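Taking it in order: structure first as structure tokens, then the write-up.
Computed from a prediction, not measured in an experiment: that's the story for all the values here. Counting from 1, the numbers follow the sequence of the chain as shown. Both backbone and side-chain heavy atoms feed into the values below; hydrogens, waters and symmetry mates do not.
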Amino acid sequence: AVRRQLGLLSREKPVEVELLRGDETVTITLQPREKGLVEGEELDLPRWDFTVKTINQFENRDLYFHRQKGVFVFGVKYPGNAATCSLSSNDILLRIDGKEVTTLDDVKAIHKAALENIEQRHRAVLTILRSGLVRQIVLDFSRDYQKE
């Protein structure tokens, strides 16, 4: 029998491992992969008054159950525009104004464009996943709570 350290196995290359259970030998196949980040990255969204974070299998197992990749609401400022529209922590963002959201860069670009166009349009429709149910919320960000 060849002994190897599991940590030294090649990534993404399947390897067969024999396990001894009582008198029976069981063969299983393992495929090592990168563990990835333990925590998701975070992004603050001024004027929208909430922060978002990437879903991470280690940090957010309950969210990872619903979506293995994506962005969720990490924190809601009170008082603030997000709190006024009933946005909640752990809401998973699916779309903003019909544009699919899967990364922080997606959210950052939509947020930037919205703030640049605030004089013409000060509302955004957020499609979220909350406790397994899809909902739409209208975020009105016309009020600037930081100046009050």
Partner set under salt bridge (Lys or Arg N to Asp or Glu O under 4.0 Å) for Glu16, not counting sequence neighbours: none
Going by the rule salt bridge (Lys or Arg N to Asp or Glu O under 4.0 Å), which residues pair with Arg130 if we only count those two or more places apart in sequence or in a different chain? Asp91
[atom2] on [Y] to [atom1] on [X], rounded to 0.5 Å:
| X | Y | atom1 | atom2 | answer |
| --- | --- | --- | --- | --- |
| Thr127 | Glu100 | OG1 | CD | 10.5 Å |
| Glu41 | Leu104 | CD | CG | 6.0 Å |
| Leu45 | Phe141 | CG | CZ | 11.0 Å |
| Asp49 | Arg47 | CG | CZ | 8.5 Å |

Can you tell if the side chain of Lys108 reaches within under 4.5 Å of the side chain of Leu43, non-hydrogen atoms only? yes
Just wondering, do Leu94 and Ile128 contact through their side chains at under 4.5 Å, heavy atoms? no
Do [X] and [Y] belong together in a cluster built from hydrophobic side chains that touch within less than 4.5 Å?
| X | Y | answer |
| --- | --- | --- |
| Leu139 | Leu87 | yes |
| Val125 | Val76 | no |
| Val138 | Leu93 | no |
| Val107 | Ile118 | yes |
| Leu126 | Phe74 | no |

Applying side-chain hydrogen bond (donor to acceptor under 3.5 Å, both in side chains) to Asp105 and not counting sequence neighbours gives none
Run the side chain to side chain contact (heavy atoms under 4.5 Å, CB included) check on Ile110 and Val101 step by step: do they pass? CA-CA 9 Å; Ile110 295 168; Val101 172; 4.1 Å; yes
Before accepting this row, confirm whether a basic side-chain N of the pair Asp106/Lys99 lies closer than 4.0 Å to the acidic partner's carboxylate O. no
Lys/Arg N to Asp/Glu carboxylate O, Asp44 vs Lys53, below 4.0 Å: no
Stepwise, does the side chain to side chain contact (heavy atoms under 4.5 Å, CB included) test hold for Arg143 with Asn81? CA-CA 7 Å; Arg143 191 168 172 186; Asn81 293 312; 3.7 Å; yes
Please check if the side chain of Thr29 supplies one atom and the backbone of Val15 the other of a donor-acceptor pair under 3.5 Å. no
State whether the side chain of Arg123 and the backbone N or O of Asp140 hold a donor-acceptor pair below 3.5 Å, judged by distance alone. no
Classify the angle between the aromatic ring planes of Phe50 and Trp48 as parallel (below 30°), tilted (30 to 60°) or perpendicular (above 60°). parallel
[X] to [Y] - nearest heavy-atom pair and separation:
| X | Y | result |
| --- | --- | --- |
| Gly75 | Ser89 | CA-OG, 4.0 Å |
| Pro46 | His111 | O-NE2, 2.8 Å |
| Asp97 | Arg121 | OD2-NH1, 2.7 Å |
| Ala124 | Ile96 | CB-CG2, 4.3 Å |

Glu119 atom CD, neighbour heavy-atom count above 12 within 6.0 Å: no
For Tyr78 and Thr84, does a side-chain donor sit closer than 3.5 Å to a side-chain acceptor? no
What verdict does the side chain to side chain contact (heavy atoms under 4.5 Å, CB included) test give for Leu19 and Ile28, after you've listed the backbone C-alpha separation in whole Å, the side-chain angles of each residue and the deciding distance to 0.1 Å? CA-CA 8 Å; Leu19 303 174; Ile28 61 171; 3.8 Å; yes
